[in-house]
> 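Have a look at the structure that comes next, please.
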Amino acid sequence: MKNDRFLRACRRQEVDRTPIWLMRQAGRYMPEFRALRAEHDFLTRVKTPELAAAITMQPINAFDLDAAIVFADIIPPLEGMGLQISFAPGPTIHNPVRSAADIAALRVPDPRETVAYSIEAVRLVKRELADKLPLIGFSGAPFTLASYAIEGGSSRDFARTRALMYEQPDAWHQLMAKLTELVGEYLVAQAEAGADALQIFDSWAGILSPFDYAEYVLPYVKQCIAHVRQSPVASRQSSIPIIYFGTDMGGLHALLRT
């Protein structure tokens with residue numbers, strides 16, 4: 001690869017300078033992105049591989065960057081489980097998960113079928129990058145996906161999520177097991193399609209205490225990572241980096257190091 005600085009940094013190898021992560025908000029500052037946004041709604045951009053690939057490449061073509069990350073979103077994989085989603089502009093789950101019966105009814109699909117558009121976008125971008133830069137694929141983490149599924153969208157206090165976690169622990173663990181299977185296989189599918197690194201976004205895990213995080217969340221994060229490591233693609237890409245990203249998680253650092 002012409003520029004492997006990002007991958008070397010992920011593997012704790014020597015680099016000439018440290019890559020930094022910029023939350024670029026899907027290039028909203030770029031005229032070419034705003035032009036596509038004016039023509040196509042968000043889900044159309046996500047679910048059309050050619051559009052997603054073009055958006056991924058816009059900042060790569062404009063700037064001297066060290067990696068690309070595929071244009072996608074963490075919520076669409078939930079559709080394959082039977083949840084109905086829309087964006088206006090933020091995500092809304094129209095049939096949120098509120099009971100053990102709701103959880104039992106959730107399917108665990110093959111993401112190669114239900115999120116085939118994002119996986120194809122990975123293939124298209126990988127081909128266009130032509131080994132100039134590494135490509136990052138990603139997924140939401142089980143806890144963050146569970147929070148969206150239960151709350152029906154974003155939340156300030158995650159009261160329903162906490163209630164299900166504390167009051168129906170068996171149902172909670174069933175939900176997390178299903179989401180972990182989905183996330184693990186989705187990450188594997190992206191690696192199969194050519195992703196050089198994988199990122200797990202746990203946007204809301206920072207709301208939890210260390211005890212709750214260790215009890216209800218961390219085991220499933222570890223299972224997702226183990227699923228990738230034990231997959232056939234890992235035998236071909238044994239050093240594929242897996243990045244776990246969350247916000248407000250300073251109090252969880254000791255657990256994250258385990």
> Just one of Asp248, Thr144, Leu145 clears the side-chain contact (heavy atoms from CB on, under 4.5 Å) bar with Ser203, so which one?
Thr144
> Backbone N or O of Arg107 within a donor-acceptor pair of the Lys178 side chain at under 3.5 Å?
no
> Sequence neighbours excluded, which residues qualify as salt bridge (charged side-chain N to carboxylate O under 4.0 Å, His left out) partners of Arg112?
Asp110, Glu185, Glu192
> List the residues meeting side chain to side chain donor-acceptor pair (under 3.5 Å) with Glu181, not counting sequence neighbours, and say none if there are none.
none
> What is the distance from atom CG of Leu175 to atom CG of Leu106, rounded to the nearest 0.5 Å?
6.5 Å
> Nearest 0.5 angstrom please: Leu135 CG to Met1 CE, how far?
9.0 Å
> Yes or no on side chain to side chain contact (heavy atoms under 4.5 Å, CB included) for Leu179 and Met81, after CA distance, side-chain angles and deciding distance?
CA-CA 9 Å; Leu179 288 168; Met81 302 186 81; 3.6 Å; yes
> Would a 4.5 Å heavy-atom cut-off, applied to side chains only, mark Tyr117 and Glu50 as touching?
no
> Please name the pair of heavy atoms, one in Tyr213 and one in Pro219, separated by the smallest distance, quoted to 0.1 Å.
O-CD, 4.4 Å
> What's the separation between atom NZ in Lys2 and atom NZ in Lys132, rounded to the nearest 0.5 Å?
7.0 Å
> Can you find a heavy atom in the side chain of Leu7 that is under 4.5 Å from one in the side chain of Arg11?
yes
> Could you walk me through whether His94 and Ser86 pass the side-chain hydrogen bond (donor to acceptor under 3.5 Å, both in side chains) check?
CA-CA 8 Å; His94 297 281; Ser86 65; 2.6 Å; yes
> Within a strict 4.5 Å, meaning less than it, do heavy atoms of the Thr44 and Glu39 side chains meet?
no
> How long is the straight-line distance from CD1 of Ile207 back to OG of Ser147, given to the nearest 0.5 Å?
5.5 Å
> Heavy atoms only: give me the nearest Cys224-Val183 pair and the separation to one decimal.
SG-CG1, 3.7 Å
> Between atom CD of Glu32 and atom CG of Asn61, what is the distance when rounded to the nearest 0.5 Å?
8.5 Å
> Do Leu182 and Pro77 have side chains that get closer than 4.5 Å, going by heavy atoms?
yes
> Between Met165 and Phe158, is there a side-chain heavy-atom distance shorter than 4.5 Å?
no
> Apply side chain to side chain contact (heavy atoms under 4.5 Å, CB included) to the pair Leu255 and Phe211, showing each step before the final yes or no.
CA-CA 10 Å; Leu255 290 167; Phe211 176 85; over 6 Å; no
> Pairs under 3.5 angstrom only: tabulate donor-acceptor contacts from the side chains of residues 63-73 to other protein residues two or more places apart or in another chain.
{"residue": "Asp66", "atom": "OD1", "partner": "Asn3", "partner atom": "ND2", "Å": "2.9"}
{"residue": "Asp66", "atom": "OD1", "partner": "Arg5", "partner atom": "NH1", "Å": "2.5"}
{"residue": "Asp73", "atom": "OD2", "partner": "Ile75", "partner atom": "N", "Å": "3.0"}

> What I'd like to find out is whether the side chain of Glu128 reaches to under 4.5 Å of the side chain of Ile60, using heavy atoms alone.
no
> Would you say the rings of Phe143 and Trp204 are close, in the sense that their centroids are separated by under 6.0 Å?
no
> Just so I know, are the side chains of Thr161 and Tyr216 near enough to count as touching, which here means a heavy-atom distance under 4.5 Å?
no
> Apply ring-ring contact (aromatic ring centres under 6.0 Å, His included) to Tyr220 and list each qualifying residue two or more places apart in sequence or on a separate chain.
His173
> Can you classify the ring geometry of Phe138 versus Phe201 as parallel (below 30°), tilted (30 to 60°) or perpendicular (above 60°)?
perpendicular
> Roughly how far apart are Ser139 OG and Asp202 CG, rounded to 0.5 Å?
10.0 Å
> For residues Thr56 and Ala52, report the shortest heavy-atom separation together with the two atoms involved.
OG1-O, 2.8 Å
> Scan Val115, Thr114, Val228 and name whichever one has a side-chain contact (heavy atoms from CB on, under 4.5 Å) with Tyr186.
Val115
> Backbone N or O of Glu14 within a donor-acceptor pair of the Arg8 side chain at under 3.5 Å?
yes
> Please say yes or no: joined through hydrophobic side-chain contacts below 4.5 Å, possibly via intermediate residues, are Val108 and Ile85 part of one cluster?
no
> Side chains of residues 118-126: which donor-acceptor pairs under 3.5 Å do they make with residues two or more places apart or in other chains?
{"residue": "Glu120", "atom": "OE1", "partner": "Arg123", "partner atom": "NH1", "Å": "3.1"}
{"residue": "Lys126", "atom": "NZ", "partner": "Asp196", "partner atom": "OD1", "Å": "2.8"}
{"residue": "Lys126", "atom": "NZ", "partner": "Asp196", "partner atom": "OD2", "Å": "2.9"}

> Side chain to side chain contact (heavy atoms under 4.5 Å, CB included) between Leu36 and Leu51: does it pass, once the steps are laid out?
CA-CA 8 Å; Leu36 284 178; Leu51 289 176; 3.9 Å; yes
> What are the two closest non-hydrogen atoms of Met176 and Val217, and how far apart are they?
CE-CA, 4.2 Å
> So, for Ala159 and Glu151, which heavy atoms are closest and what is the spacing to 0.1 Å?
N-OE2, 3.5 Å
> Measure the shortest side-chain to side-chain distance between Tyr148 and Ile74 over non-hydrogen atoms and say whether it is less than 4.5 angstrom.
yes
> Taking only residues two or more places apart in sequence, or in another chain, which ones meet Glu79 in a salt bridge (charged side-chain N to carboxylate O under 4.0 Å, His left out)?
Lys47
> Indicate the atoms forming the closest heavy-atom contact of His227 with Val188, along with that distance.
CD2-CG2, 3.7 Å
> Check the pair Asp212 / Tyr166 against side chain to side chain contact (heavy atoms under 4.5 Å, CB included), numbers first and verdict last.
CA-CA 9 Å; Asp212 287 345; Tyr166 298 143; 2.4 Å; yes
